[in-house]
Amino acid sequence: MAKQGETEQKPLRKGMLEKRQAILKGARAVFGRDGYTRASIDAIAAEAGVSSRTLYNHFGDKEGLFRAVLMDSSVAVTTAQQALLERHFHKFRDPEADLYDLAVEWVGGTETHPEHFALVRQIIAEASRLPLDVLREWQRIGPKATRAALRGHLLEAGRAGLLAIDEENADRATRHWALFTAGAVQTESAQGALPLEPEVFERLVREGVELFLGLYGKPQS
């Protein structure tokens with residue numbers, strides 16, 4: 001119960017919640033297609049099947065809507081990526097085979113969450129025109145949160161004697177994992193915009209894992 005002088009915030013009714021989710025979904029599609037600058041409120045409202053007035057009532061303005069879309073999408077993808085890491089490292093025994101399996105699913109995330117990564121491509125293209133605080137918050141709850149989870153798992157594998165990773169090189173290993181496994185694929189596919197042939201994708205990922213193990217693999221006895 002709210003104290004005297006305070007306004008008690010009521011949960012959204014089911015119809016309002018569904019309308020809000022429809023707006024977020026429509027906005028994610030339009031921002032991912034047109035970018036932040038070119039996306040119009042009218043286009044987003046049409047995509048969501050609501051009026052422009054309804055959109056303004058829920059989110060205030062385009063910046064508020066973009067912030068909500070980006071944070072909502074980033075939390076969902078980060079949660080999925082952290083679950084992916086947990087699932088793969090839970091059974092981590094054979095570094096070469098297990099890291100390859102992880103990398104295939106990790107790098108293939110652009111296909112699992114296509115609208116989110118379309119949005120990310122637009123962010124990269126328009127970074128200088130986006131609100132700085134929005135970019136920082138996205139980094140905090142998105143890429144940085146995922147990297148922190150990966151760092152923790154790599155450290156655990158190092159402590160178990162499966163990788164040559166410790167506190168001193170864990171940050172570098174985390175950066176190298178992303179660069180080696182995803183970097184070449186992102187370059188060849190124009191950040192996921194162009195589909196790659198399966199054999200090309202698999203070769204690039206395997207090369208990345210080999211590079212990573214060349215630096216952080218334990219010598220075979």
Side-chain angles (χ1 to χ4, degrees), residues 28 32 70-121 123-124 138-221:
R28 185 162 54 245
L70 184 55
M71 301 316 154
D72 179 77
S73 187
S74 295
V75 167
V77 172
T78 297
T79 300
Q81 289 179 329
Q82 289 174 340
L84 182 155
L85 290 170
E86 183 67 32
R87 177 160 44 83
H88 280 274
F89 277 101
H90 180 71
K91 60 181 181 61
F92 192 77
R93 299 291 183 275
D94 180 339
E96 184 173 1
D98 292 341
L99 285 177
Y100 175 75
D101 289 344
L102 168 62
V104 166
E105 197 170 352
W106 170 277
V107 180
T110 54
E111 297 179 1
T112 310
H113 309 281
E115 288 188 339
H116 174 78
F117 287 101
L119 193 59
V120 170
R121 287 194 295 274
I123 291 171
I124 293 169
W138 162 62
Q139 281 280 316
R140 185 184 70 81
I141 68 173
K144 287 185 178 180
T146 301
R147 286 199 298 269
L150 173 61
R151 182 184 188 278
H153 287 296
L154 291 175
L155 262 177
E156 286 299 315
R159 290 172 184 142
L162 296 168
L163 294 172
I165 294 176
D166 54 27
E167 285 286 353
E168 186 175 342
N169 68 1
D171 288 339
R172 186 174 68 226
T174 303
R175 288 195 301 273
H176 281 162
W177 170 264
L179 286 171
F180 295 162
T181 60
V185 172
Q186 290 174 345
T187 299
E188 291 292 326
S189 66
Q191 299 297 319
L194 302 174
L196 295 178
E197 293 295 327
E199 59 271 18
V200 174
F201 174 82
E202 290 169 11
R203 174 175 57 80
L204 293 173
V205 170
R206 192 169 295 282
E207 287 174 356
V209 171
E210 289 172 356
L211 281 170
F212 183 81
L213 287 173
L215 288 175
Y216 304 104
K218 295 285 260 186
Q220 303 233 341
S221 54

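Keep in mind that what you see is a predicted model, and the values were worked out from it rather than measured. By convention here, the first residue in the shown sequence is residue 1.
- For Phe201, the ring pair (Phe, Tyr, Trp, His ring centres under 6.0 Å) criterion is met by no residue, not counting sequence neighbours.
- The backbone N or O of Ala164 sits less than 3.5 Å from a side-chain atom of Asn169, completing a donor-acceptor pair.
- Under the side chain to side chain contact (heavy atoms under 4.5 Å, CB included) criterion, Thr174 pairs with Arg147, Leu150, Arg151, Leu154, not counting sequence neighbours.
- Contacts of Arg175 classified as side-chain hydrogen bond (donor to acceptor under 3.5 Å, both in side chains), with partners at least two apart in sequence or in another chain: none.
- Scored by the side-chain hydrogen bond (donor to acceptor under 3.5 Å, both in side chains) test, Thr181 finds no partners at all (sequence neighbours excluded).
- Here the closest non-hydrogen pair linking Phe92 and Ala157 is CE2-CB, 3.8 Å.
- Of all the heavy atoms in Leu213 and Glu96, the pair that sits closest is CD1-CA, 3.6 Å.
- Put simply, CG on Leu84 and CZ on Phe89 are 9.5 Å apart, with the number rounded to the nearest 0.5 Å.
- Under the 4.5 Å side-chain criterion, counting only non-hydrogen atoms from C-beta, Val205 is not in contact with Trp106.
- Minimum heavy-atom separation, Ile165 to Ala170: CG2-CA, 4.0 Å.
- Contact annotation: the side chain of Ile123 approaches that of Leu70 to within less than 4.5 Å [non-hydrogen atoms, C-beta and beyond].
- For the atom pair Leu211 CG and Leu179 CG, the distance stands at 10.5 Å (nearest 0.5 Å).
- Listed by chain and residue number, nothing satisfies the side-chain hydrogen bond (donor to acceptor under 3.5 Å, both in side chains) test with His153 (two or more places apart in sequence, or in another chain).
- Distance check: Asp101 CG to Arg87 CZ gives 10.5 Å after rounding to the nearest 0.5 Å.
- Taking all atoms of both residues into account, the shortest heavy-atom contact from Gly142 to Thr78 is CA-OG1, 3.3 Å.
- The heavy-atom pair separating Ala145 from Gln82 by the smallest distance is O-NE2, 3.5 Å.
- By the 4.5 Å heavy-atom criterion applied to side chains, Asp98 and Leu162 are not counted as neighbours.
- For Tyr100, there are no side-chain hydrogen bond (donor to acceptor under 3.5 Å, both in side chains) partners at least two apart in sequence or on another chain.
- In this structure, the side chains of Leu102 and Trp177 come closer than 4.5 Å at one or more pairs of heavy atoms.
- Under the rule for a salt bridge (Lys or Arg N to Asp or Glu O under 4.0 Å), the partners of Glu156 that lie at least two apart in sequence or sit in another chain are Arg159.
- Taking the side chain to side chain contact (heavy atoms under 4.5 Å, CB included) definition, one finds that Glu210 meets it with Arg206, sequence neighbours left out.
- With sequence neighbours left out, Glu168 forms a side chain to side chain contact (heavy atoms under 4.5 Å, CB included) with Asp166.
- Taking CD from Gln81 and OG from Ser74, the interatomic distance works out to 9.5 Å, rounded to the nearest 0.5 Å.
- In this structure Glu207 satisfies the salt bridge (Lys or Arg N to Asp or Glu O under 4.0 Å) test together with Arg203, sequence neighbours excluded.
- Ring pair His176/Phe180 is parallel by interplanar angle, where below 30° counts as parallel and above 60° as perpendicular.
- With sequence neighbours excluded, no residue forms a salt bridge (Lys or Arg N to Asp or Glu O under 4.0 Å) with Arg172.
- A distance of 6.0 Å separates CZ in Phe212 from CG in Leu163, rounded to the nearest 0.5 Å.
- With sequence neighbours excluded, the residues forming a side chain to side chain contact (heavy atoms under 4.5 Å, CB included) with Arg140 are Glu137, listed by chain and number.
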